[in-house]
Amino acid sequence: MSREIKLSLVFRDMWQSAGKYVPRVDQLVRIAPAIIEMGCFARVETNGGGFEQVNLLFGENPNRAVRDWTKPFREAGIQTHMLDRGLNGLRMSPVPADVRQLFYHVKKAQGTDITRTFCGLNDVRNIIPSIKYAHDAGMISQCALSITHSPVHTVEYYTKLALELIENGADEICIKDMAGIGRPHTLGRIVANIKEAHPKIPVQYHSHAGPGFSVASILEVCDAGCDYIDVGMEPLSWGTGHADLLTVQAMLEDAGYHVPEINMSAYMKVRSMIQEFADDFLGLYISPRNRLMNSLLIGPGLPGGMMGSLMADLESNLATINKGRLKKNERPLTQDELLISLFDEVAYVWPRVGYPPLVTPFSQYVKNLALMNVMQMLKGKERWSMIADDIWDMILGKAGRLPGPLAPEITEKAAAEGREFFDGNPQDNYPDALDKYRKMMNGKHWEVGEDDEELFEYAMHPSQYEAYRSGKAKVEFLADVAKRRREKEKKHAAGSGSEASAPAGIFALPATPQTLSVDVNGQSYRVTVAFGDSAQAVPPPAPASQASAMQDAATAAPVTDGDGQELLSPLEGKFFLVKSSADTPVKVGDAVKKNQTVCYIEAMKTYNAVSAENDGVVTAICVQPGDAVLEDDVLMIIK
């Protein structure tokens, strides 16, 4: 009898590899029965990674989304799995141990069966605690090998990593080929080694299609003993996404494997609904380029999920760069020229910062560092002149051990700035925090939720959760959707000569101002919001006595007049005075030192520190925390 290969639909990753968002919970609940009806999936990836943050950005409750979305699959006997970033939990930055432990109990209670835990540095110290947390919560612990291609990432390296994880209790192993650059033969050898040592340990293969290796890799790992294959489906397969279900099923069937049949009537229902969701609003955040496969991706090795957002990031970065070039009477760059410059710089940066596997968050860190270098050098400044705090933490070892050595130019810069390297357990840098967040929620009269799920959400995503609870997130999201629709209509009208109407959907918005009821710290406020060209998403005022340090900073009116030297924004993004509610913001009248961090620009999923350029006193803070700023906008005045 032929060996069985089981299939898993990575529905969450399909969307986030294509663009910024995943469907809303009402859309997820609608499509789940049709996915089940397809009859070919043993598993479905329902949540994890950016899923929680996406719902918060919608202004929706992510806990309700997980419970409602996983329920039909559990009832149908289909396992649900999610992505877990190990030390980073569900976010880009490290998470305290007590928050990580609560995470597993919450997700199990909400209906998730399997956690796919990975460390972006393949540091087992960041993964092993998650094995215990998963088992304590009654979940299956699937541990991932973050695959990349470099002189230090050999077959022996990955085999040793897998065996160590299994020895520490991992129930399953995932070959996480997040950029699709794993070479087929090499991946087959890794799987064969795992199966030779532990034939009963299930192995699941995950890959993105972009560079073109994935179909050959799937056949190789199956021949070596792989048990589960992650697939995508049209219209979100290929490109920055995953190999298509139909292709994979036909290929494996031809190779003699037992693979499930596909109910094509249900397949067409799911395909149609995916397109409907894209037409509703999700397609506004998907670059057409993300449908393309490109062998240029072999060089930089950037993952499909990150490439989905990269093209959107490049649009604003290109505008910023070209604004400066036009000031100097230089020819504007095209997006292709910027993309090639970025890929070249990634190839320069990556080995010099120790070959971190290019997976979240380190793929973003390497890409952001490369992009900052490109932008700064185009302005005539030095390479490495702007390194975000989170990137420094990676370089210094606070997030785990780097696979390779740092270049002398990096260690010399660290020494010149007085930065110290860390070789201890990364978790020790992040003390327990649940008690602090529980007290904060009590002070705001917020319920901790069923199974402490609201407490977990607040502790995992503090600033985003506050924006969700205040109503600010929903206001900003609706305004952004309306803006993108207008831009799309204008482009369509310019091309067709007639004005197009916005797609009918829940987020189709009127042009007249609307009044929203929002909750802040347990108090109800009514806010009038205009969604026209001059729309500004302004959060409602919160009583200062109940607000955290971040909220106080965010609701205080900016002082825009003052004497002194202007501190300009180095890039486009969102302005913040602090990174977390535990930090103390700079205020007008404070004395600051040259090179002291005084604020942050949040861009490309990292907080970029902005330092004072001279000693002095802050005489004005010119923008409100949370507001969008452009490059060269005045942030502060320091005299």
Side-chain angles (χ1 to χ4, degrees), residues 15-16 18-24 27 54 57-59 235-236 239-240 274-292 307-327 331-339 472-516 527-538 569 571-574 603-604 623 626-633:
W15 285 100
Q16 291 194 285
K20 184 176 181 179
Y21 291 125
V22 298
R24 301 182 310 264
Q27 295 170 322
V54 162
L57 290 171
F58 282 168
L236 294 177
T240 56
I274 291 172
Q275 187 61 58
E276 175 195 329
F277 300 162
D279 291 341
D280 180 19
F281 76 98
L282 290 160
L284 297 170
Y285 298 89
I286 297 175
S287 168
R289 287 172 177 262
N290 293 351
R291 297 284 295 140
L292 304 177
M307 286 300 299
S309 60
L310 172 62
M311 300 310 294
D313 287 341
L314 285 184
E315 290 180 13
S316 58
N317 295 135
L318 185 63
T320 296
I321 289 169
N322 282 338
K323 184 174 72 172
R325 291 178 68 84
L326 289 171
K327 285 180 183 178
R331 178 184 66 79
L333 296 180
T334 67
Q335 191 175 73
D336 281 345
E337 287 173 324
L338 178 58
L339 190 62
K472 183 176 187 286
K474 183 178 285 290
V475 167
E476 291 185 335
F477 171 69
L478 295 177
D480 190 55
V481 169
K483 175 185 175 184
R484 287 172 179 265
R485 280 192 173 150
R486 286 194 305 274
E487 291 172 350
K488 183 178 179 181
E489 289 167 17
K490 287 177 182 176
K491 288 180 181 178
H492 182 72
S496 66
S498 61
E499 194 70 26
S501 59
I506 288 179
F507 291 141
L509 302 174
T512 57
Q514 301 293 300
T515 300
L516 302 177
V527 183
T528 300
V529 182
F531 294 104
D533 289 334
S534 61
Q536 294 293 323
V538 180
S569 176
L571 72 163
E572 181 177 353
K574 283 191 176 183
M604 301 176 290
V623 288
D627 282 355
V629 295
L630 300 175
E631 184 185 20
D632 294 337
D633 279 357

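The analysis underlying the following values was restricted to heavy atoms, covering all of them including side chains, and did not include hydrogens, waters or symmetry mates.
Within the 4.5 Å cutoff, the side chain of S569 has no heavy atoms near those of the L630 side chain. The shortest side-chain heavy-atom distance between Y21 and L282 falls under the 4.5 Å cut-off. Residues V481 and Y285 are in side-chain contact: their nearest non-hydrogen atoms beyond the backbone lie under 4.5 Å apart. Counting heavy atoms from C-beta outward, F277 and R24 have side chains that stay 4.5 Å or more apart. You'll find the side chain of D633 stays beyond 4.5 Å of the side chain of V623, heavy atoms only.
For the atom pair L478 CG and F281 CZ, the distance stands at 10.0 Å (nearest 0.5 Å).
Ring planes of F58 and F477: tilted class, angle from 30 to 60°.
In terms of heavy-atom proximity, Q16 sits nearest to V22 at CG-CG1, 3.5 Å. Scanning all heavy atoms of the two residues, the minimum distance from A18 to I286 falls at O-CG2, 3.6 Å. P235 and Q275 get closest at one heavy-atom pair: CG-OE1, 3.6 Å.
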Subject >> Intermediate values then yes/no, salt bridge (Lys or Arg N to Asp or Glu O under 4.0 Å), D279 and R485 >> reply: CA-CA 11 Å; D279 291 341; R485 280 192 173 150; over 6 Å; no

